[in-house]
Amino acid sequence: QVQLVESGGGLVQAGDSLRLSCAASGRTFSVSVMAWFRQAPGKEREFVGALTWSSGTTNYANSVKGRFTISRDTANYTVYLHMNSLKVEDTAVYYCAARRAGTIGFRYDYWGPGTQVTVSS
C-alpha cells in the first residue's frame with residue numbers, strides 16, 4: 001500500500017501563489033506516476049497535472065497550463081504543485097493521487113484525503 005498526505009492548502013486572493021505538497025509513504029517503490037486532481041463545489045473531479053517519477057516528465061490540463069507547475073523531491077518522495085496567478089475558478093479540494101507501475105491506462109490506485117484551496121476575488 002501507498003499512503004498520500006497533502007498539505008499547503010488555504011485561503012488566498014486572486015493573483016496570488018500557493019504551493020501544495022504531497023508526501024508519499026509505504027510501498028513508494030511501486031509508484032510510477034503521481035498526479036494532482038481537484039474537485040470544485042458541485043463539479044466532477046478534474047485532472048490537474050501529473051509527473052512520471054522515473055523521468056520527471058510532467059503534463060497538465062489546459063486550464064492550468066502556464067500557471068501551475070509540478071515538481072518533485074526524490075529524496076523524500078514528495079511532489080509539489082506550484083500554483084501561480086490563482087483564479088477564483090481554481091477554488092477546489094485538491095487531491096494527490098498515485099499510480100502503480102503495473103497499472104494500465106489512466107487509473108490511479110492511491111489517493112490522499114485532499115486539501116482545500118480557496119481563492120477569493
Side-chain angles (χ1 to χ4, degrees):
Q1 288 278 38
V2 174
Q3 293 78 46
L4 305 174
V5 179
E6 305 96 338
S7 62
L11 174 64
V12 298
Q13 294 185 352
D16 285 353
S17 298
L18 195 65
R19 187 187 75 170
L20 305 182
S21 300
C22 174
S25 61
R27 294 170 58 91
T28 55
F29 59 86
S30 68
V31 173
S32 63
V33 178
M34 294 183 69
W36 288 95
F37 291 79
R38 66 185 182 185
Q39 187 166 20
K43 299 183 65 178
E44 295 294 320
R45 184 175 59 195
E46 174 189 23
F47 173 78
V48 175
L51 179 148
T52 298
W53 194 256
S54 61
S55 65
T57 301
T58 57
N59 65 94
Y60 305 93
N62 289 333
S63 60
V64 304
K65 284 182 179 178
R67 297 190 299 120
F68 290 10
T69 302
I70 298 174
S71 63
R72 59 176 174 170
D73 180 344
T74 56
N76 296 295
Y77 225 99
T78 299
V79 169
Y80 304 96
L81 180 65
H82 306 264
M83 303 183 292
N84 299 313
S85 302
L86 283 163
K87 306 174 181 179
V88 173
E89 304 91 273
D90 295 318
T91 295
V93 176
Y94 283 72
Y95 297 93
C96 181
R99 179 187 300 154
R100 293 195 302 264
T103 300
I104 300 174
F106 297 98
R107 173 189 174 191
Y108 286 85
D109 304 289
Y110 308 104
W111 295 84
T115 184
Q116 177 71 47
V117 173
T118 302
V119 184
S120 63
S121 61

Report task. Would you mind listing every salt bridge (Lys or Arg N to Asp or Glu O under 4.0 Å) that reaches into residues 51-80, with sequence neighbours excluded? Result -> R67-D90
Query - Counterpart residues, side-chain hydrogen bond (donor to acceptor under 3.5 Å, both in side chains), relative to Q39 (two or more places apart) - result: none
Requested in this report: Keeping to residues at least two apart or across chains, list the salt bridge (Lys or Arg N to Asp or Glu O under 4.0 Å) pairs with something in residues 112-121.
Outcome: none
Report task. Could you tell me which residues satisfy side-chain contact (heavy atoms from CB on, under 4.5 Å) with S121, sequence neighbours excluded, listed by chain and number? Result -> V88
Requested in this report: Determine which pairs satisfy disulfide (SG to SG under 2.5 Å) with at least one residue from residues 34-91, sequence neighbours left out, and list them in order.
Outcome: none
Enumerate, atom names and distances included, each donor-acceptor pair closer than 3.5 Å involving a side-chain atom of residues 42-51, sequence neighbours excluded.
{"residue": "E46", "atom": "OE1", "partner": "R38", "partner atom": "NE", "Å": "2.9"}
{"residue": "E46", "atom": "OE1", "partner": "R38", "partner atom": "NH2", "Å": "3.4"}
{"residue": "E46", "atom": "OE2", "partner": "S63", "partner atom": "OG", "Å": "3.4"}

Scan the side chains in residues 7-21 for donor-acceptor partners under 3.5 Å anywhere in the protein, sequence neighbours excluded, and list what turns up.
{"residue": "D16", "atom": "OD2", "partner": "Q13", "partner atom": "N", "Å": "3.2"}
{"residue": "S17", "atom": "OG", "partner": "N84", "partner atom": "OD1", "Å": "2.9"}

Query - Ring geometry between F37 and Y108 (parallel below 30°, tilted from 30 to 60°, perpendicular above 60°) - result: perpendicular
Query - Listed partners of Q1 passing side-chain contact (heavy atoms from CB on, under 4.5 Å), at least two apart - result: Q3, Y110
Query raised in the report: Under the disulfide (SG to SG under 2.5 Å) rule, what pairs show up with a residue in residues 27-121, not counting sequence neighbours?
Result: C22-C96
Query raised in the report: Which residue pairs pass the ring pair (Phe, Tyr, Trp, His ring centres under 6.0 Å) test with at least one member in residues 52-94, sequence neighbours excluded?
Result: W53-Y77
Requested in this report: Kindly determine whether I70 and V79 satisfy side-chain contact (heavy atoms from CB on, under 4.5 Å), including the steps that lead there.
Outcome: CA-CA 7 Å; I70 298 174; V79 169; 3.5 Å; yes
Name each donor-acceptor pair under 3.5 Å that joins a side chain in residues 27-34 to protein atoms two or more places apart or in another chain, with its distance.
{"residue": "S30", "atom": "OG", "partner": "R27", "partner atom": "O", "Å": "2.7"}
{"residue": "S32", "atom": "OG", "partner": "R99", "partner atom": "O", "Å": "3.3"}
{"residue": "S32", "atom": "OG", "partner": "R100", "partner atom": "O", "Å": "3.4"}

